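One structure below.
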Amino acid sequence: MKTLRIIFEDNLSLSISSLEDVDKKEDFIFMSEATPTMLQVKHHKKKIAFLISAMRHFAEGLKKKGYNIIYDKISEHNMAIPYRDRVSKIIQDHNIGKIIVTEPSAYSLQQEIMGYGGVFNIPIEIKEDGRFLSTIKDFKAWTKNKKQLRMEFFYREMRTKHAILLDGGKPVTGTWNYDKENRKFPTNNVDIPKPYSAQNDTITLEAIKDTQHFFKNNFGDIIPFYFAVTREQALDCLALFITDRLKHFGDYQDAMIQGEPWMYHSHLSFYLNCGLLLPMECIKAAESAYHAHRAPLNAVEGFIRQILGWREYIRGIYWLKMPHYKESNFLNATRNLPGFYWDGITKMNCLHQCVDETRKNAYAHHIQRLMVLGNFALIAGIDPKYVNEWFLIVYADAFEWVELPNVTGMILFADGGFLGSKPYASGGNYINKMSNYCKNCHYSIRTKNGPKACPFNYLYWDFLSRNREKLEKNNRIGMMYKTYDRFKQEQKNMIQNDSQTFLNALK
Ligand SMILES: Cc1cc2nc3c(=O)[nH]c(=O)nc-3n(C[C@H](O)[C@H](O)[C@H](O)COP(=O)(O)OP(=O)(O)OC[C@H]3O[C@@H](n4cnc5c(N)ncnc54)[C@H](O)[C@@H]3O)c2cc1C
Ligand code: SF4
């Protein structure tokens with residue numbers, strides 16, 4: 001029987017389950033640049049060019065190995081015809097008797113594919129995605145009978161299950177988590193290594209041209225383009241991270257420096273999420289660097305925790321809570337997304353810098369996303385729908401399974417504390433401590449109220465006051481109300497007035 005194996009834009013691994021046991025004579029592999037997930041979101045131009053180039057390279061590789069590939073390039077025709085109809089035509093043209101896919105990473109796509117069985121009257125086999133280190137089923141089982149889900153405990157189990165950084169079943173040197181050591185701000189003369197930059201071949205140049213043509217009104221700069229687009233290049237990127245950056249990854253994980261978008265982060269999420277790299281090979285590379293004394297434990301453990309812990313935990317939450325997770329709005333936030341999230345025009349230097357880097361690079365590191373862009377969205381009360389839309393558009397690593405829990409759960413507390421135990425709300429002091437943005441800002445970080453005051457300073461208290469009913473009982477943030485209650489009424493009025501004036505002026 002002829003089988004159609006569908007490869008989506010984030011399935012670019014030779015070891016993907018949908019390619020297991022392919023019959024090179026009988027089976028067809030369908031790849032499309034016009035999948036629902038590619039077209040339904042107005043992705044950053046760099047992300048589209050990256051995925052298109054990576055898909056074309058991957059398809060070339062499969063062709064060389066002798067597979068039958070049906071490849072849909074981006075075109076007006078393919079953008080106009082529903083994905084299902086294109087699959088239907090292939091089934092008829094090639095007399096296909098079965099479809100095999102790896103479980104789609106987005107809930108909506110999974111639903112669509114599951115529906116094909118009834119529509120085409122052929123079996124659809126959905127295989128587990130073995131690239132993840134915890135299955136959806138295992139994660140669900142882990143959550144059973146737990147009052148609270150905490151990433152730290154999940155992470156410890158994952159360390160044990162996969163025998164990572166263990167010594168006789170216990171964590172090496174006796175400690176599971178070195179997060180406390182990972183909060184330094186770089187002193188003078190840090191020499192941050194240059195990030196990986198690929199040479200663009202003709203396939204990539206063509207992908208850039210097509211993106212500019214078909215997605216010309218999308219957000220973001222496409223040039224310069226420097227992403228890895230093949231497995232070999234992605235492996236080079238991993239190797240460069242291990243030799244150049246990993247040793248300082250932990251120390252400066254939370255630091256933000258104006259003009260230094262890449263810091264000591266790995267920049268591997270793009271490749272992990274589309275399949276050019278596998279999580280376990282990144283974890284093993286970091287673990288080996290520790291054993292070879294090439295990187296300290298706080299850096300290696302911190303990096304491994306992000307991949308083995310956070311990344312897997314976030315995916316587990318997505319599949320546990322979808323489809324309702326998308327509608328979560330625990331704090332009833334209703335504000336529109338301010339225009340500066342798109343054009344970067346704001347006097348708040350931290351936000352200006354982070355949006356500008358996002359537009360240029362389709363990348364911002366975790367703390368910029370969490371403590372600047374996310375924190376503002378939280379304390380300004382922006383509707384989760386708009387915040388999710390923005391985060392899914394602007395980053396080259398954004399796929400709904402990872403974007404949504406980070407936004408709805410981690411930054412907006414829109415799930416009421418299911419993913420995280422408290423909202424990551426903060427005034428300007430945190431940004432000032434971990435960055436040098438405030439030195440170049442129109443606003444004064446030290447001023448609490450009035451037109452020159454840092455807006456984060458009063459918006460933070462206004463956020464707490466507005467959401468008192470829902471947050472006062474939270475045992476990690478509730479104590480802030482004791483401080484708020486000690487403010488004189490005059491100060492409380494100033495907080496409220498400044499916040500209203502500022503928020504009303506947002507466009
Ligand atoms: C509001 C918000 C939105 C985010 N949206 C995305 C997204 O769309 N796609 C995405 O991959 N990550 C997202 N993250 C998580 C994290 O910010 C990015 O994974 C990270 O910045 C990618 O850069 P890096 O590869 O240099 O990461 P590093 O700092 O070098 O970390 C190493 C790896 O750990 C993983 N990781 C770290 N933190 C997380 C996390 N919270 N969730 C999942 N994986 C994590 C990533 O795979 C990353 O490549 C988001 C975080 C926040 C706060
Ligand atoms: S003063 Fe406030 S708005 Fe300005 S950069 Fe610092 S934290 Fe951001």
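Just so you know, these numbers come straight off a predicted model, no measurement behind them. Numbering of ligands and ligand atoms starts at 1, following listing order.
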(message) For the aromatic rings, using the six-membered ring if either is Trp, is the centroid distance between Phe241 and Phe303 under 6.0 Å?
(response) yes
(request) For this output row, return yes or no: ring centroids of His267 and Tyr196 closer than 6.0 angstrom. (result)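 Judged by ring-centre distance (under 6.0 Å), His267 and Tyr196 do not meet the cut-off.
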Ligand 1 versus [X], non-hydrogen atoms closer than 4.0 Å: side chain, backbone, both, neither?
X      : value
Gln253 : neither
Leu373 : neither
Phe303 : side chain

Among protein heavy atoms, which lies nearest [atom], and at what distance?
atom                    : value
atom 20 (C) of ligand 1 : Arg369 NH2, 4.2 Å
atom 4 (Fe) of ligand 2 : Cys441 SG, 2.3 Å
atom 29 (O) of ligand 1 : His265 ND1, 2.7 Å
atom 45 (C) of ligand 1 : Gln306 O, 3.9 Å
atom 39 (C) of ligand 1 : Trp310 CB, 4.0 Å
atom 12 (N) of ligand 1 : Val402 CG2, 3.6 Å
atom 27 (O) of ligand 1 : Ser266 OG, 3.9 Å
atom 16 (C) of ligand 1 : His366 ND1, 3.3 Å
atom 8 (O) of ligand 1  : Ala398 CA, 3.1 Å

Which one of [options] has a non-hydrogen atom at the shortest distance from [atom]?
atom                    : options                        : answer
atom 3 (C) of ligand 1  : Asn406, Asp397, Thr408         : Asn406
atom 1 (S) of ligand 2  : Cys454, Pro455, Gly427         : Cys454
atom 23 (O) of ligand 1 : Tyr363, Trp390, Tyr313         : Tyr363
atom 19 (O) of ligand 1 : Ala377, Gly409, Ala286, Ser269 : Ser269
atom 33 (C) of ligand 1 : Asn388, Ile317, Leu246, Ile307 : Ile307

(request) Find all atoms of ligand 2 within a distance of less than 4.0 Å from any non-hydrogen atom belonging to Met348, and give their numbers and elements. (result)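 By the 4.0 Å cutoff, the relevant atoms are 3 (S).
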For [X], the ligand 1 atoms whose distance to one of its heavy atoms is below 4.0 Å:
X      : result
Leu268 : 25 (O), 49 (O)
Ile314 : 42 (N)
Ile411 : 1 (C), 53 (C)
Phe249 : 28 (P), 29 (O), 30 (O)
Ala364 : 21 (O)
Asn273 : 9 (N), 10 (C), 11 (O)
His267 : 24 (P), 25 (O), 26 (O)

(request) Would you check if atom 6 (Fe) of ligand 2 lies under 2.8 Å from any N, O or S atom of Cys350? (result) no
Examine the side chains of [X] and [Y] and answer whether a donor and an acceptor come within less than 3.5 Å of each other.
X      : Y      : result
Asp397 : Asn273 : no
Glu400 : Tyr325 : no
Glu128 : Ser17  : no

Which word best sums up how the rings of [X] and [Y] line up, parallel for under 30°, tilted for 30 to 60°, or perpendicular for over 60°?
X      : Y      : result
Trp319 : Tyr107 : tilted
Trp310 : Tyr313 : perpendicular
Tyr83  : Phe8   : tilted
Tyr484 : Trp461 : parallel
Tyr264 : Tyr252 : tilted

(message) Is it the case that ligand 1 has an N or O less than 3.5 angstrom from some N or O of Met410?
(response) no
(message) Checking the side chain of Gln111 only, and the main-chain atoms of Ser108 only, is there a donor and an acceptor separated by less than 3.5 Å?
(response)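 Checked: no pair found.
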(request) Look at Cys438 and state whether any of its N, O or S atoms is less than 2.8 Å from atom 4 (Fe) of ligand 2. (result)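 False for Cys438.
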(request) Mind checking the CE-CZ spacing from Met31 to Phe58? Nearest 0.5 Å is all I need. (result)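 These two atoms lie 6.0 Å from each other.
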(message) I want to check something: taking the side chain as every heavy atom from C-beta on, are Phe456 and Asn429 in contact at a cut-off of under 4.5 Å?
(response)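 Contact flag for Phe456/Asn429 side chains = no.
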(message) So, 4.0 Å and heavy atoms of Phe391: is ligand 1 close enough to count as a contact?
(response) yes
[Y]/[X] salt bridge by N-O under 4.0 Å criterion:
X      : Y      : value
Asp221 : Arg359 : yes
Glu103 : Arg315 : yes
Lys385 : Glu389 : no

(message) Can you see whether Tyr226 has Lys360 sitting over its ring - NZ or CZ less than 6.0 Å from the centre and within 45° of the normal?
(response)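 No, Lys360 and Tyr226 do not form such a contact.
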